[in-house]
Number of protein chains: 2
Amino acid sequence: MEKGLWLFSLNFVTMKGVCSMTHTLDEKVYEGVLEQIKAYIEDKKLEPGDKLPSERMFSELLQVGRSSIREALRALELLGLIETRRGEGTFMRAYRPYHMVGLLSKFLLNNTRTREELLAAKQMLEKEILILSIGQLSSEQLAKLQLMLPEACNSEDHLKLFTYLFEESHHPLLLSMWQFICGFTHTVHDITYSDDWYRRMYQAMIKQSKEQMYSLF
Amino acid sequence: MEKGLWLFSLNFVTMKGVCSMTHTLDEKVYEGVLEQIKAYIEDKKLEPGDKLPSERMFSELLQVGRSSIREALRALELLGLIETRRGEGTFMRAYRPYHMVGLLSKFLLNNTRTREELLAAKQMLEKEILILSIGQLSSEQLAKLQLMLPEACNSEDHLKLFTYLFEESHHPLLLSMWQFICGFTHTVHDITYSDDWYRRMYQAMIKQSKEQMYSLF
DNA sequence: AGTTAATGGTGGTCTGACCACTAGATTCGG
DNA sequence: CCGAATCTAGTGGTCAGACCACCATTAACT
């Protein structure tokens, strides 16, 4: 049958220490499975959208129980690397950092959910993206930016403006972190900037002056 | 017996659509279990080191199969929230994101785009905590800080130094974010600062000069 | 030809069983 | 009486088999 060409090299001969140690001791099976699946993905050069073998197939290929396969797949799903559709199968998925950020934050915020922390983190991200954007925007982008300057202290406009900045700077990780925090601060009292603040921000952006930008915070 | 005071409210009576839908459709059982376990932890105020009920206990309490319990626990383990010891049980754990980080990094080695993003985010956090620390440290803390200045470009010392800063500033959210990112950059080539950099950073801290601090980046 | 019914494959879940391991109770020997 | 060896109950780790709900395809029927 030769079903094991790239096969699992761990076999648990547990009798009296006779144990073919391809794996470090105490390594759980699902961790080994994870390695093998990764190897499979790389070997077959699977890309987002491609279909993975079924759980039963993997189970037979790797010679481990289906539950172990499932635990490994669950890990990959948590990481946002695969997607499972009941009745269809398991598919590769484009890696999206926000998945990870959201997941993390969900638990991070259990211990640390003081308002001040969230606001500080949010402000930090906004400051950072402004600094990163300095000198990076074309005249067209600057014009767009000017149009987005809020006339009133409107939180929606604020959201739009910074979303635009994050997107144009091609930094999805920072964007997702910021968006997530915004999701929380939205309910509570949020920091609001004055109209003047936005104007000065825009001036600093035009003049490409980091000092002026920093002085805003 | 009254075993279900805070109990799971989903019960899958699958006969002919008689199904008490407390959960949104298509939610997987293990996701519901995750919520319940989280609620249990908060309700019982479990802290790092405390023991959780056994898998079989949870299975009976929540009226779901043990495998579903295990999938939820596996997720918590990946997130670094719990620790399982064979023959002993499942225990709470101080949050350490490195597990998930290690897993993820195995799958993202080749994505340079992601790598750059992570480094940028890391640097942003380090800059921020330095700024936040200015003027907040006592003379004793400054002395400690001075002792921690790395003589060589040592990544371990770097880690210690910033961990100290994050902790002293009582900003666990930023600390967690930073630690998480460090987990990634640890494996790959990391940004390193020169000895001189650390000295100037210390000088800026003493002089309480934001400008000097900013100029480091 | 177009609609409907049957089929096989898939992930999702539950059950029961066995293993290796640990800690505490029990027993034994001094 | 006390220390050491042993037994035991409970735990996580794993597997196998079974069922379910779901989906896509195919086969059958009108």
Side-chain angles (χ1 to χ4, degrees), chain A residues 8 10-21 23-34 36-37 49-78 81-93, chain B residues 8 10-21 23-34 36-37 49-78 81-93:
Chain A
F8 219 20
L10 354 162
N11 40 354
F12 289 102
V13 185
T14 42
M15 317 159 57
K16 303 280 176 181
V18 182
C19 191
S20 92
M21 282 294 193
H23 64 114
T24 60
L25 66 158
D26 286 343
E27 184 184 57
K28 293 171 189 174
V29 170
Y30 92 90
E31 288 171 347
V33 171
L34 218 41
Q36 295 296 325
I37 293 181
D50 291 347
K51 190 172 183 303
L52 274 80
S54 73
E55 299 178 350
R56 292 168 176 85
M57 200 90 78
F58 264 135
S59 175
E60 196 178 349
L61 275 173
L62 303 179
Q63 289 293 293
V64 298
R66 200 183 143 208
S67 51
S68 294
I69 300 289
R70 280 185 61 79
E71 290 192 4
L73 290 179
R74 186 69 57 240
L76 291 178
E77 195 181 17
L78 263 179
L81 293 169
I82 63 170
E83 176 185 10
T84 60
R85 300 185 213 133
R86 183 192 308 200
E88 296 183 56
T90 307
F91 301 85
M92 294 293 297
R93 175 186 224 175
Chain B
F8 218 22
L10 358 159
N11 40 351
F12 289 102
V13 185
T14 44
M15 317 161 56
K16 304 281 175 181
V18 183
C19 192
S20 89
M21 281 294 189
H23 66 112
T24 60
L25 66 158
D26 286 344
E27 185 184 54
K28 295 171 187 172
V29 170
Y30 93 90
E31 290 171 346
V33 171
L34 211 45
Q36 294 296 326
I37 293 182
D50 291 347
K51 191 173 183 301
L52 275 79
S54 74
E55 297 179 352
R56 291 168 177 85
M57 201 89 78
F58 264 133
S59 173
E60 197 178 347
L61 273 175
L62 303 180
Q63 290 293 293
V64 299
R66 198 181 145 211
S67 52
S68 294
I69 299 290
R70 280 185 62 79
E71 290 192 3
L73 290 178
R74 186 69 57 237
L76 291 177
E77 195 182 12
L78 279 177
L81 288 172
I82 63 170
E83 177 185 10
T84 59
R85 301 185 211 132
R86 182 193 302 195
E88 295 183 58
T90 307
F91 301 84
M92 294 294 296
R93 175 186 219 175

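In what follows, every chain begins at residue 1, and chains take the letters A, B, ... in the order their sequences are listed. Heavy atoms only: backbone and side chains are in, while hydrogens, waters and symmetry mates are out.
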Considering non-hydrogen atoms only, spot the tightest contact between Ala72(A) and Tyr30(A) and give its length.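 Closest approach of Ala72(A) to Tyr30(A), heavy atoms only: CB-O, 3.8 Å.
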How close do Ser59(B) and Val64(B) get, heavy atom to heavy atom, and via which atoms?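 Closest approach of Ser59(B) to Val64(B), heavy atoms only: OG-O, 2.6 Å.
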Non-neighbouring partners of Glu83(A) that pass salt bridge (charged side-chain N to carboxylate O under 4.0 Å, His left out), sequence neighbours left out: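 Listed in chain order: Arg85(A).
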If the condition is salt bridge (charged side-chain N to carboxylate O under 4.0 Å, His left out), which residues does Arg74(B) pass it with, not counting sequence neighbours?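 Once residues adjacent in sequence are excluded, the partners of Arg74(B) under the salt bridge (charged side-chain N to carboxylate O under 4.0 Å, His left out) criterion are Glu71(A), Glu77(B).
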Expected output: side-chain Gln63(B) to main-chain Glu60(B) donor-acceptor under 3.5 Å: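 Checked: pair present.
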Interatomic spacing from CG in Asp50(B) to OG1 in Thr90(B) - rounded to 0.5 Å: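 So the gap between those two atoms works out to 13.0 Å.
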Measure from [atom1] on [X] to [atom2] on [N] and round the result to the nearest Å.
| X | N | atom1 | atom2 | result |
| --- | --- | --- | --- | --- |
| Leu34(B) | dT13(C) | CG | P | 13 Å |
| Leu73(A) | dG11(C) | CG | P | 8 Å |
| Tyr30(B) | dG11(C) | OH | P | 15 Å |
| Arg86(A) | dC19(D) | CZ | C1' | 13 Å |
| Glu60(A) | dC15(D) | CD | P | 14 Å |
| Lys28(B) | dT10(C) | NZ | P | 17 Å |
| Ile82(B) | dT11(D) | CD1 | P | 15 Å |
| Arg70(B) | dT11(D) | CZ | P | 14 Å |

Considering every strand and a 4.0 Å limit on heavy-atom distances, what is the contact class for [X]: base, sugar-phosphate, or nothing?
| X | value |
| --- | --- |
| Arg85(A) | sugar-phosphate |
| Ser59(A) | nothing |
| Ser67(B) | base |

Side-chain donor/acceptor contact of Arg66(B) with base of dG13(D) under 3.5 Å: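 Indeed, a donor on one side and an acceptor on the other fall under 3.5 Å apart.
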Would you say the base of dG12(D) and the side-chain of Arg56(B) have a donor-acceptor pair closer than 3.5 Å?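 Present.
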Tell me which nucleotide among [options] gets nearest to the side chain of [X].
| X | options | answer |
| --- | --- | --- |
| Val29(A) | dC15(D), dG11(C), dC14(C) | dC15(D) |
| Val64(B) | dC15(D), dC14(C), dG12(C) | dC14(C) |
| Glu71(A) | dG12(D), dT14(D), dG11(C) | dT14(D) |

Taking side chain as C-beta onward, heavy atoms only, is Phe58(B) less than 4.5 Å from Leu52(B)?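 Yes. Closest side-chain heavy atoms under 4.5 Å.
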For Ser67(A), all residues meeting side chain to side chain contact (heavy atoms under 4.5 Å, CB included), sequence neighbours excluded: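 For Ser67(A) there are no side chain to side chain contact (heavy atoms under 4.5 Å, CB included) partners, ignoring immediate neighbours.
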According to side chain to side chain donor-acceptor pair (under 3.5 Å), who are the partners of Arg66(A), at least two apart in sequence or on a separate chain?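 Expected list: Glu55(A).
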If you compare every side-chain N and O of Thr90(A) against the phosphate oxygens of dT10(C) (OP1, OP2), does one of them come in below 4.0 Å?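 So the side chain of Thr90(A) is outside the cut-off, no N or O lying under 4.0 Å from OP1 or OP2 of dT10(C).
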Does OP1 or OP2 of dT11(D) have a side-chain N or O of Thr84(B) closer than 4.0 Å?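 For Thr84(B), the contact criterion (side-chain N or O under 4.0 Å from OP1 or OP2 of dT11(D)) is not met.
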What's touching nucleotides 5-7 of chain D from the protein side, N or O pairs under 3.5 Å?
none

N/O to N/O distances under 3.5 Å, protein versus nucleotides 23-25 of chain C:
none

Go through it in stages, so that I can follow the logic: the residues are Leu73(A) and Thr84(A), the test is side-chain contact (heavy atoms from CB on, under 4.5 Å), and I'd like the CA-CA distance, side-chain angles, deciding distance and then a yes or no. CA-CA 9 Å; Leu73(A) 290 179; Thr84(A) 60; 5.6 Å; no
